[in-house]
Amino acid sequence: MKETYNPQEIERKRQKIWNENRVYEVKEDPDRRRCYVLEMFPYPSGRIHMGHVRNYSIGDVLSRYKRALGLNVLHPIGWDAFGLPAENAAIEHGVHPAKWTYENIAQMREQLLRLGFSYDWKREFATCDPNYYKWEQMVFTRMFDLGLAYKRSSIVNWCPSCETVLANEQVVVSGAQFAPEGNKEIGRCWRCNSQVEQREMEGWFFKITSYAEELLDWCERLKDSWPDRVLTMQKHWIGKSTGAEIEFPLEEPIDGERSLRIFTTRPDTVFGVTFMCIAPEHPLSESIVIGRDREKEVIEFIKRARKQSGVERIAEGVKKEGVFTGAYCLNPFSGERIPIYIANFVLMEYGTGVIMSVPAHDQRDFEFAKEYGLPVRVVIQPDGGNLSPEGMKSAYEDEGIMVNSGYFSGLNSEVGKKNVTDYAEAKGFGRSQVNYKLRDWGISRQRYWGAPIPIIYCDRCGTLAVPDEDLPVELPIDVELTGEGGSPLSKIDSFLNTRCHKCGGDAKRETDTMDTFVESSWYFLRYTSPDYQGGMVDKERGEYWLPVDQYIGGIEHAILHLLYARFYTKVLRDLGMCDLDEPFLNLLTQGMVLKDGAKMSKSLGNTVDPDDMIAKYGADTVRIFMLFASPVERDLDWSNEGIEGAYRFLNRVWRFINERLHIIQDFKGVKPDIAQISGSAKELLIKVHKTIKKVTDDLERFQFNTGIAAIMELLNAVSRFQPNGKDEIPVVREAIEAMVRLLYPFAPHISEEIWETLGYKETLIDKAWVKWDRGLVGSASIIIVLQVNGKVRSQVLMDPDTSEEEMKNAAFSDEKVKSHISGKEIKKVIVVPKKLVNIVV
RNA sequence: GCCCGGGUGGCGGAAUUGGUAGACGCAUUGGACUUAAAAUCCAAUGGGCUGUAAAGUCCGUGCCGGUUCGAGUCCGGCCCCGGGCACCA
């Protein structure tokens, strides 16, 4: 053993041994319990960043620990390889996205290897490989057959200058937050600052809404194994609301429509309706005014409202605007004549695109009514309250007693909801209805670097799915990317023009590619059988490994990726391709890595490069620091002093063992004789076993920071200890061996190196996890706290099984306690075994 | 506005079920080693008060109140910070 700790040398050495012996490659073994540990795979941007290091360090600790417990651990890695940055690189630097991507992968693979993560590299793949996306295309065709994938036009954010669709998060909302140079306004393109428009475009959708109820239902069942906040976020995102659909007959039919259909969660307020509002995008909004006096004014308003971007429409402080159409409908309950407005705050995508407005009991309607001088009618009175339209400064949205509601007056509003709905149903102009905020998943991208959507358009046969034997529809490699003029694939004739497999005539291919979230919705399945040629996943192998036991990733994917993957898994289940209800049994979301309180980013110039840190301190130190500095779920603030501390710790471990080596060398396999040792040696031995228990418990509950702290304490304890005679040397040896084995999942290189130095040929990788001695842990004397009136006055050392009576006696005979209770009346004595005695005077 | 987190020394954080608040680490200060420095090792380190000292004593986990023999932990009300959602009828 060298005197100084040289992480570069030993880490290279250990990594070489691991890789050459392929120690992390695993096979199905029906005789062993399996465990699938997975971290969210990276986008190959070029460099591993600290967020990855944290994520993968957590996963590595877990998989090493689980393997030590005897489980057959699957721990794979791969690449989320499609995406826009590759295309941008192509546009800016003329390098082909495939070349750029694979070069990045090569570089990042080296970084991961250098960090010593225990991946089964044999299972590695990149999602841009046709062998991968082929299966996703096949599933698309199945979904198409079932109507789960469909094409429709929808309203999207369009940047006229970039000639592309923008995701909602790419539309700049309010100045500083997203804009690198500040100074950006509402509703502008994040890249070129052009005014974003609303445009109607054709695109493909996955019918995730069909699974809304099941996705929601499983949120309940995942309650104990997923973080609450992720589940609540998903629940809110799905946004279930129960209410009623009611038809309001139109005074005169419009476009053949005899009524306006609305959705409301408050049918109990139906007698308070004083106007109706239609979304500007609603098909009836134009036809309703044609030929009326107000036609010009209304059409003008509709045009203006439709132009506003989605983001702008909902931005804070935007005024509620609307216009009267001149048309009326009738309240089916009261027969009352109700004016119809078109209003910018009504969304076409939710409910029916039409609302009944009850200004007394809905804040938005209230604001609109005030703006346009519309009447407010109270139909719900709070318990003992006396609301009047004149006195109201805002809408009353809570429960109460129904008033001015004809036959229903006097009912509690909660009861009223049901009764009103039942009445409407009986009369045939309404029914109870459930609505979700969740929208179908738009998967079309007008990009090159993605999986082509396997659809052809034939003039004679219509829209057809590409048959299995023609899959994959490969991305053409020969392409020129300019970033202008829409979808790149539509400009490649050899791709675009094809033959219809049905009639043999000319046909055109779909030129949209799929959202990259589709690839990440099933990659965890593919790891179980990456070479399988018969489908997405080999059933037998999949059944052995799946589902993922522990999924680990950043909280930023709480909704999108995790919801999509859950949905897609259910679709695959229903297609008979796998046997899973949910893909991820347990979820751990790690916090972000910050520097100086802000997220690390190039634009802020506060990044720390993992490579620099590895070069300076080695991988073990980087890992220890990341895991020690903060609990995994919380954000971690990078600290240069902190990583120095981690480095010092590993140095102390190394140096200490090196110093003691000559003493303990000849005691390999010699167990301490518990009967023979006492005093500080016994104390140390107890500490060793308590530490084993503590670290094991901490690993089980993902408290890696306190687990490492416990190992540090053990090092401190054994460093202080001076063995007295030969009988006590095995205690030192046991302490050192335990320490190294506990350290192994966190810092595997140094641990393996020391383990070998201690005279072991076997590696720690398959060494069974250390066990603690129950007797030693349980028999240790315990400090019993002595309190008077709840204040600590003294403490005594006692056996854990001391009787309550003895504890009491000890308390009363304690000098310090005596001085606090002398001359006072004893009111009560509380004895908590193994903890304390409290005397109340 | 609504929904989640969170608020503990100079800092990151610990306290697993209501039972010694501040483990472990960082930083700082003092000492040892050294010609010197670095590294390393040892010691001190929440605040106030009493005391030469040993020690004692009071206060202290965002604020106010409550339950309890006992509250960082439970309950009620508020303040601040971070995140998510946000005209979803």
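Keep in mind that this is a model prediction, so the values were computed, not measured. Chain letters run A, B, ... following the sequence lines, proteins first, then strands; residues in each count from 1.
A centroid separation of less than 6.0 Å is found between the aromatic rings of A/Phe275 and A/Phe368. Taking the six-membered ring for Trp, A/Phe625 and A/Phe746 have ring centres at least 6.0 Å apart.
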Each nucleotide N or O in nucleotides 44-46 of chain B that has a protein N or O under 3.5 Å away: list the pair and distance.
none

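Residues satisfying the side chain to side chain donor-acceptor pair (under 3.5 Å) test with A/Glu804, not counting sequence neighbours, are none. For A/Glu371, the side chain to side chain donor-acceptor pair (under 3.5 Å) criterion is met by no residue, not counting sequence neighbours. Qualifying salt bridge (charged side-chain N to carboxylate O under 4.0 Å, His left out) partners for A/Lys235, counting only residues two or more places apart in sequence or in other chains: A/Glu220. The side chain to side chain donor-acceptor pair (under 3.5 Å) check on A/Ser405 picks up nothing, with sequence neighbours excluded. In this structure A/Phe517 satisfies the ring-ring contact (aromatic ring centres under 6.0 Å, His included) test together with A/Tyr564, sequence neighbours excluded. Looking at residues two or more places apart in sequence or on another chain, you find a side-chain contact (heavy atoms from CB on, under 4.5 Å) between A/Gln722 and A/Arg660. Shown here are the side chain to side chain donor-acceptor pair (under 3.5 Å) partners of A/Gln363, two or more places apart in sequence or in another chain: A/Glu367.
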What donor-acceptor contacts under 3.5 angstrom involve side-chain atoms of residues 702-710 of chain A, with partners at least two apart or in another chain?
{"residue": "A/Gln703", "atom": "OE1", "partner": "A/Thr706", "partner atom": "OG1", "Å": "3.4"}
{"residue": "A/Thr706", "atom": "OG1", "partner": "A/Asp698", "partner atom": "OD2", "Å": "2.9"}
{"residue": "A/Thr706", "atom": "OG1", "partner": "A/Gln703", "partner atom": "O", "Å": "3.0"}

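The side chain of A/Lys320 has B/C87 as its nearest neighbour among B/C3, B/A14, B/C87. In the set B/G13, B/A89, B/G84, the nucleotide with an atom closest to the side chain of A/Met233 is B/G84.
In this structure, A/Arg793 reaches the sugar-phosphate backbone alone: every heavy-atom distance under 4.0 Å involves primed, P, OP1 or OP2 atoms, never a base. Within 4.0 Å of A/Ser241, counting heavy atoms only, lie sugar-phosphate atoms of the nucleic acid but no base atom.
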For RNA chain B, what dot-bracket results from Watson-Crick or G-U pairs at under 3.5 Å, with [ ] for crossers and | for inter-strand partners? (((((((..(((......[....))).(((((.......))))).(((((....)))))..(((((..]....))))))))))))....
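If you take CG of A/Asn658 and C1' of B/U40, they are 14 Å apart, rounded to a whole angstrom. In this entry the distance linking CZ of A/Arg54 with P of B/G12 reads 15 Å, nearest Å.
Looking at A/Asp697 and A/Arg701, no side-chain N of the basic residue comes within less than 4.0 Å of a carboxylate O on the acidic one, giving no salt bridge.
Glycosidic conformation at B/G56 (O4'-C1'-N9-C4 for purines, O4'-C1'-N1-C2 for pyrimidines): anti, more than 90° from 0.
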For a quick check, with a 4.0 angstrom heavy-atom cut-off, what is the B/S/- contact string for nucleotides 19-32 of chain B, read 5' to 3'? BB--BBSSS-----
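The stretch residues 815-828 of chain A touches RNA chain B through A/Lys816, A/His820, A/Lys828, each having a heavy atom under 4.0 angstrom from the strand.
Distances shorter than 4.0 Å separate none of the side-chain N or O atoms of A/Arg229 from OP1 or OP2 on B/C85.
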